[in-house]
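Down below is the structure, laid out as structure tokens.
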Amino acid sequence: MSEVMLTCENITKDFGGVRALADVSVAVDRGEILGLVGPNGSGKSTLINVIAGQYRATAGRLTFLGRDITKDEPHTITQLGIARTYQIPRPFSTMTVSRNVMVSRTFGHSNQGLEQAKRDAYEALEFTGLADYAEAPVGKLNLHQRKFLELARALSTDPELLLLDEVMAGLNPTEIDESVKMIRKIQERGVTIVIVEHLMKVVTSLSTRMVVLNYGKAIAQGEPDQVMRDPEVITAYLGKDYAN
Amino acid sequence: MKKWYGSLGFLGVGLVLASVPWLKSVFGFPTFYLIFLYFVFFWVAQASSWNMLSGYSGYFSFGTGAFFGIGVYTTAMVVDKFHLNFMIALPVGGILAALLGLGIGFVVFRLRLLKGELFALLTLAVDFVLAAVVRNNDFIDGGFGVRLGAVKGPAFLGDFSTMMYILGLIIALLTVYVSYSIYHARFGLGLFAIRDDEEVAEGLGVPTFRYKMLIFAISCFFIGLSGALQAVQIGYITVEGIFSLRLPLFVILMSILGGRQHWLGSVLGAVIIFTLTDTFSKASIEYLNQVIIGSLLIVMILFLREGIYERLKNRLWFSLAILIIALVVQIVAGFGERFISQMAYAMLVTIAFLLLSDKIYGKLVKSFSFFLPKKQMGASNV
């Protein structure tokens, strides 16, 4: 029996008159890689933001390891063990690469002192292949390195649950292979992962389970192959004609 | 380790500066040096307080005058209305200013919209509102001003100027030490993260609301504390003088010129700007004073955006050499009537040197390299 780590019960999120998420219920089990897919504007990033606490759900309930986190501030949620990356990398621009990682190491779930955080930062940079840039200003990094810095920062909080928001968008095939290997390694360390991704091939091969969102609703959940054959999913992506 | 080292440095600087009044009695140099240094301490404390909040966390405040005013009027009330020793007003002024900061912070930081220019405008509004309240409240001021008269301090602090010097020194040292400690602590790292991207900082676990409240309160405390002492120096307190825009604009100017990224930046900025304004306003070219300071700001924003500190740390020995040479040349040539103005001109020369681009500086270092210690040669950027 797998342990349920995070449950989203009937999550609804409105932005003014627009309903971005409608009654979404998803559960994440410990140790899995949950693929979160759906066409543009289907609410994937919104769901990530709600789980991370950046947006507050209009209705519904979030439970993480038995604790209700619906109304918690983002920093509390991070300290409890949920970390996220941003679709567009948002490094701290006046800091060096290693200082960027130090921030998450001291303030995250890891909760290390500055001296220890400094040492640990190098480890995280080693893991993501950025060790050579440790003392460089972030301006020196290209897009793919910035994406990896996002990952290094999120990992350094020592998360139990990692939310990856399109870490591979904009990367070339070699870099994508690198990221896939890295994500597998993270999973092997015992981190549970929710991954939002547009590249179907990658996400179906990585995920142990998938959830498909369309217009803010969860229209399918299950094994990747099974989900991809679901008529409703095919309709959402390709139109009704392809469903049969 | 680093902390222990730095604290010792502060103690050393403190002891050296504390011995100045004693040196004065030995060598008999004029009292105006003590007064001059008191004002340097005042500006160092004010600029460092501003920088703790606005430089570190990026919340640009125009409200220094409000918190300063609280400190000043606390002393005015304590001395003029309650007839108590002004020493009581120092901590009380600081605490009242911190409480006002906490109150404003609670409202402003809860509404997450108030960032950037809106925060700056709001803090400026606090200054205006407070000025209006004080002007119209007969018990506090009522628009006539408050005259403090002869203020007595504890006897062991000596005569008035010595007392002001020592108290000013303690406050400035304390402020800078706190600023320094925050800079090196986890707290500081969190504030820098807030400055760069608050949402991401919060997402990585930085308790942004609590940190902003805390730094706002600490910053206001020192502004108020320093203001409470400054009231004694001013003597005759008027609403127009206290809540004017001169103070907020100068602390911003000092911190920007000195460099907002580092605790030492605002200290350097305060020392330099005050020395320059003091010199030019006394050199009977008063009208040029603001022109010079203004032009300096323009030039520095164009060519030295990160502030003096960022350049200075890579060119420390070279800059010190230039400062000393410029000073010695003036003294030997008998140029200028006072040491302070000679210092001001030497500072200007050094700043001109700091304005040189890294490229030109690199060439200069190469041609002078046989003079310098090895470490400085590469103009390394650590």
Side-chain angles (χ1 to χ4, degrees), chain A residues 48-49 51-56 72-86 88-96 98-118 121 135-138 149-150 152-159 163 165, chain B residues 1-6 51 54-59 109-112 180-214 256 259-263 265 305-307 309-310 313-314 358 380-382:
Chain A
I48 295 287
N49 277 317
I51 296 172
Q54 233 108 30
Y55 296 160
R56 189 155 292 176
D72 279 335
E73 295 286 323
H75 75 261
T76 316
I77 292 173
T78 306
Q79 285 164 2
L80 287 171
I82 300 180
R84 56 100 35 107
T85 63
Y86 288 88
I88 299 160
R90 291 167 70 171
F92 298 124
S93 53
T94 64
M95 298 185 193
T96 60
S98 71
R99 293 269 287 179
N100 261 275
V101 181
M102 259 174 84
V103 173
S104 65
R105 194 71 190 157
T106 37
F107 289 101
H109 181 49
S110 41
N111 194 26
Q112 296 289 346
L114 282 184
E115 291 296 317
Q116 185 61 40
K118 202 169 192 174
E135 293 315 313
V138 282
L149 176 58
E150 279 286 322
R153 244 178 10 181
L155 267 183
S156 295
T157 62
D158 232 344
L163 313 170
D165 196 355
Chain B
M1 262 262 292
K2 207 172 192 175
K3 194 74 194 285
W4 169 85
Y5 202 69
N51 202 48
S54 303
Y56 289 3
S57 79
Y59 275 80
F109 296 145
R110 276 281 166 212
L111 308 167
R112 299 212 179 125
Y180 159 87
S181 305
I182 292 172
Y183 179 87
H184 286 290
R186 185 184 143 107
F187 184 30
L189 187 63
L191 292 174
F192 302 147
I194 290 172
R195 176 187 63 201
D196 281 359
D197 191 329
E198 186 168 341
E199 200 182 293
V200 173
E202 171 79 29
L204 291 177
V206 180
T208 52
F209 177 72
R210 206 190 319 150
Y211 272 23
K212 287 184 290 182
M213 288 290 276
L214 194 59
I256 290 179
R260 279 172 291 169
Q261 312 274 2
H262 196 266
W263 62 272
R305 199 161 302 180
E306 300 293 299
Y309 174 78
E310 288 300 311
K313 73 176 180 194
N314 294 332
D358 281 330
S380 61
N381 46 340
V382 185

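First the proteins, then the strands, lettered A, B, ... as listed; each starts at 1.
- Within a 6.0 Å sphere centred on CD of A:Glu115, heavy atoms belonging to other residues, nucleotides or ligands number 12 at most.
- Contacts between A:Arg84 and chain B at a heavy-atom distance below 4.5 Å are absent for every atom of the residue.
- At a threshold of 4.5 Å between non-hydrogen side-chain atoms, the residues B:Phe192 and A:Met95 count as touching.
- Only the backbone of B:Ala185 comes within contact range of chain A, with at least one heavy atom under 4.5 Å from a heavy atom of that chain.
- In this structure, the side chain of A:Gln54 engages the main chain of B:Glu199 through a donor-acceptor pair within 3.5 Å.
- Atom OG1 of A:Thr94 and atom CZ of B:Arg195 lie 4.0 Å apart (nearest 0.5 Å).
- In this structure, chain B has a heavy atom under 4.5 Å from the side chain of A:Thr157, while its backbone stays farther away.
- A heavy-atom distance below 4.5 Å is found between the side chains of A:Phe92 and B:Leu204.
- At distances below 3.5 Å, at least one donor-acceptor pair connects side-chain atoms of A:Thr78 with backbone N or O atoms of B:Gly203.
- With a 4.5 Å cut-off on side-chain heavy atoms, B:Arg186 and A:Phe107 count as touching.
- Expressed to the nearest 0.5 Å, how far CG of B:Leu189 lies from CG of A:Leu114 amounts to 6.0 Å.
- For A:Glu150, no part lies under 4.5 angstrom from a heavy atom of chain B.
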